[in-house]
Amino acid sequence: MVSVTEHYDAYPYPERDPADEAKRLVIGSPSHPVEMDHHLWAGRRDWSRPLRVLVAGGGTGDGVVQLAQTLASAGVPHEITYIDLSHRARAIAEARIEARGLNGVRFETGSLLDAPDLGTFDYIDCCGVLHHLPDSPAGFRALRAALAPGGGAGIMVYAPYGRSGVYPLQDAFGTLLEGLAPEERLAAARAMLERVPEGHPFRTNPHLVDNAASDAGFYDLLLHGQDRSYTVTELCETLDETGWQLASFTMPALYDLSRLTGHGGDLPERARMAAAEKLRGTIKTHVAYIVAAAEDDAPSAPGTASCRQGASVPHLRGADPRALAKALQAGKPLPITLAGAAARLSLPKAAAALIARIDGRSSVAEITRASGLDPVAGASLWARIEDQLAPWGLLLCSGLYRGRGAAAAAGAG
Ligand SMILES: C[S@@+](CC[C@H](N)C(=O)[O-])C[C@H]1O[C@@H](n2cnc3c(N)ncnc32)[C@H](O)[C@@H]1O
């Protein structure tokens with residue numbers, strides 16, 4: 001079997017060219033500071049305080065670059081530690097940070113199992129890594145041991161149903177290509193995939209595209225030697241066993257059973273989420289923010305932010321506020337995509353005046369005043385906006401850019 005280190009030294013994933021840093025910033029979930037604030041600190045973090053960050057299994061650098069660039073642009077004092085097993089992945093991540101002229105990132109080569117030796121952290125990013133550990137719970141435990149009080153983590157782990165077709169192919173390729181070098185495995189697996197028939201679950205699953213995007217994508221999806229997935233139930237049980245609790249998924253709507261059945265039923269929360277995952281059948285990854293499990297004397301999960309509080313600063317993610325407001329006023333479909341989920345958003349035209357003024361710096365109270373709405377009408381419109389957008393991760397609250405320039409707020413994600 002090719003080890004995880006050999007795999008990512010041969011095919012660092014995702015494939016990235018440091019020269020592209022001059023053209024774009026890769027924005028994603030988890031680990032945009034605005035999103036972190038919304039889910040971990042109820043949108044009320046004091047960003048004048050330094051943030052200590054661990055990027056565990058940082059790979060070719062998407063998470064570390066997003067964090068370092070966003071915090072630097074917002075003028076937030078920070079220290080970031082990156083760790084990964086792969087030297088080659090680290091070299092790419094380092095070159096991307098250097099290309100941007102960013103400081104404040106310490107690079108380490110090693111295992112996240114040693115995270116507690118690196119210090120304690122207010123925020124831990126671990127995206128697409130924990131499901132590649134031979135003992136995944138040990139990874140969850142190591143990260144928990146490195147978490148500072150009041151901190152939290154953003155994780156992504158694979159989910160089984162949206163990856164249907166992947167695991168039979170990984171198993172077959174693993175058996176048939178045992179002992180070959182990574183390049184030979186890739187060539188042989190590509191040839192075999194050509195002959196996989198049309199009805200194979202991998203072929204009928206339209207959500208699996210990484211194999212076509214790059215060699216690294218193909219290898220990561222179909223030739224992994226150490227890969228498991230988590231149902232939402234398994235994820236919650238692992239969090240229970242390892243000292244964590246769920247703060248929120250980045251798109252809670254995906255796990256909301258009532259959106260699929262028309263009613264909530266009287267099942268417990270976890271059973272409802274498990275049924276929603278099975279009914280959807282398309283969830284490929286769970287992207288979640290997690291915090292320390294509540295102990296007798298510790299507060300429970302913070303509860304996500306609400307834009308209904310007058311002082312909170314709303315952000316629109318994945319949509320341009322002016323374009324959204326214009327479409328609303330014109331009665332057109334909202335220019336938003338919801339991660340492949342069939343969902344329709346509907347908002348009253350009057351909400352356009354508020355949405356158009358969302359700039360990542362103005363508070364809800366300020367936007368309401370500037371719109372000329374009275375506070376009662378404004379509050380009821382904000383409630384509608386929040387109910388429609390927040391469950392999809394499209395409306396987030398954070399004072400990250402409060403009092404800072406427009407340039408810093410641009411690209412808030
Ligand atoms: C799928 S990549 C994800 C990279 C990055 N987090 C991202 O989202 O772009 C997985 C990375 O985890 C690293 N990795 C796997 N097991 C690890 C471990 N025990 N400690 C540190 N890194 C690990 C691999 O070397 C690889 O770079």
Side-chain angles (χ1 to χ4, degrees), residues 1-18 20-21 25-32 35 53-69 80-97 105-118 121 123-143 145-146 153-159 163 166 170 182 208 210-211 213-229 242 250 284-288:
M1 190 180 90
V2 172
S3 74
V4 168
T5 309
E6 283 169 318
H7 167 160
Y8 288 106
D9 274 340
Y11 294 105
Y13 178 85
E15 213 167 275
R16 294 285 181 246
D17 179 355
D20 290 338
E21 295 313 308
L25 174 66
V26 177
I27 299 279
S29 293
S31 300
H32 192 287
E35 190 184 70
V53 177
L54 174 67
V55 181
T60 50
D62 282 2
V64 75
V65 170
Q66 169 170 251
L67 279 156
Q69 183 65 69
I80 304 179
T81 302
Y82 161 110
I83 187 163
D84 199 286
L85 288 172
S86 161
H87 284 95
R88 258 192 87 199
R90 167 186 166 167
I92 295 165
E94 269 193 284
R96 292 175 70 185
I97 290 288
V105 184
R106 168 169 69 124
F107 284 90
E108 301 280 350
T109 300
S111 173
L112 64 81
L113 294 174
D114 299 325
D117 299 339
L118 299 170
F121 301 93
Y123 180 70
I124 300 174
D125 163 271
C126 194
C127 178
V129 186
L130 288 160
H131 46 237
H132 292 318
L133 268 60
D135 177 0
S136 294
F140 280 89
R141 275 193 201 93
L143 298 184
I155 63 167
M156 182 277 271
V157 292
Y158 290 149
R163 283 167 67 80
V166 167
Q170 273 190 11
L208 301 171
D210 267 9
N211 54 305
S214 64
D215 285 350
F218 189 107
Y219 209 97
D220 206 67
L221 187 65
L222 294 175
L223 286 167
H224 220 294
Q226 187 70 62
D227 180 330
R228 62 156 296 179
S229 61
T242 57
T250 53
K284 283 198 300 185
T285 60
H286 300 298
V287 187

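Remember, it's 1-based here, ligands and their atoms both numbered in the order they're listed. All of these numbers come straight from a predicted model, not from anything done at the bench.
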Hey, looking at [atom], which of [options] has the closest heavy atom?
| atom | options | result |
| --- | --- | --- |
| atom 20 (N) of ligand 1 | Leu112, Leu113, Asp135 | Leu112 |
| atom 24 (C) of ligand 1 | Tyr158, Tyr82, Tyr8, Tyr11 | Tyr8 |
| atom 4 (C) of ligand 1 | Ala115, Ser111, Gly57, Ser31 | Gly57 |

With backbone taken as N, CA, C and O and side chain as the heavy atoms from C-beta onward, which portion of [X] lies under 4.0 Å from ligand 1: side chain, backbone, both, or neither?
| X | value |
| --- | --- |
| Pro14 | side chain |
| Leu133 | side chain |
| Asp84 | both |
| Tyr13 | both |

- prompt: Between the side chains of Thr250 and Glu35, is a donor N or O closer than 3.5 angstrom to an acceptor N or O?
  reply: no
- prompt: Side chains of Arg163 and Ser229: is there a donor and an acceptor less than 3.5 Å apart?
  reply: no
- prompt: Does Gly63 have a non-hydrogen atom less than 4.0 Å from ligand 1?
  reply: no
message: Tell me whether Gly110 reaches ligand 1 (any heavy atom closer than 4.0 angstrom to a ligand atom).
response: yes
Can you list the atoms of ligand 1 that are under 4.0 Å from a heavy atom of [X]?
| X | answer |
| --- | --- |
| Gly59 | 4 (C), 27 (O) |
| Val4 | 15 (C), 16 (N) |
| Leu85 | 16 (N), 17 (C), 18 (C), 19 (N), 20 (N), 21 (C), 22 (N), 23 (C) |

field: Worked check of side chain to side chain contact (heavy atoms under 4.5 Å, CB included) between Val2 and Tyr11
entry: CA-CA 12 Å; Val2 172; Tyr11 294 105; over 6 Å; no
- prompt: Could Arg96 and Asp62 be called an ion pair, given the rule that one side-chain N must be under 4.0 Å from one carboxylate O?
  reply: yes
message: So that I can tick it off, tell me whether Asp210 and Lys284 are bridged by a salt bridge, with the cut-off set at under 4.0 angstrom between side-chain N and carboxylate O.
response: no
Minimum heavy-atom separation for [X] and [Y], please, with both atom names.
| X | Y | value |
| --- | --- | --- |
| Pro30 | Tyr123 | CB-OH, 4.0 Å |
| Gln170 | Asp227 | NE2-OD2, 2.9 Å |
| Ser86 | Tyr8 | OG-O, 3.3 Å |

field: Rounded distance [0.5 Å steps], OG1 in Thr242 versus CG in Leu143
entry: 9.0 Å
Minimum-distance protein heavy atom relative to [atom]:
| atom | answer |
| --- | --- |
| atom 14 (N) of ligand 1 | Val129 CG1, 3.7 Å |
| atom 10 (C) of ligand 1 | Gly128 O, 3.6 Å |
| atom 7 (C) of ligand 1 | Cys127 O, 3.9 Å |

message: For a ring pair (Phe, Tyr, Trp, His ring centres under 6.0 Å) check, start with the C-alpha distance between His132 and Tyr158, then their side-chain angles and the critical distance, and finish with the verdict.
response: CA-CA 10 Å; His132 292 318; Tyr158 290 149; 5.6 Å; yes
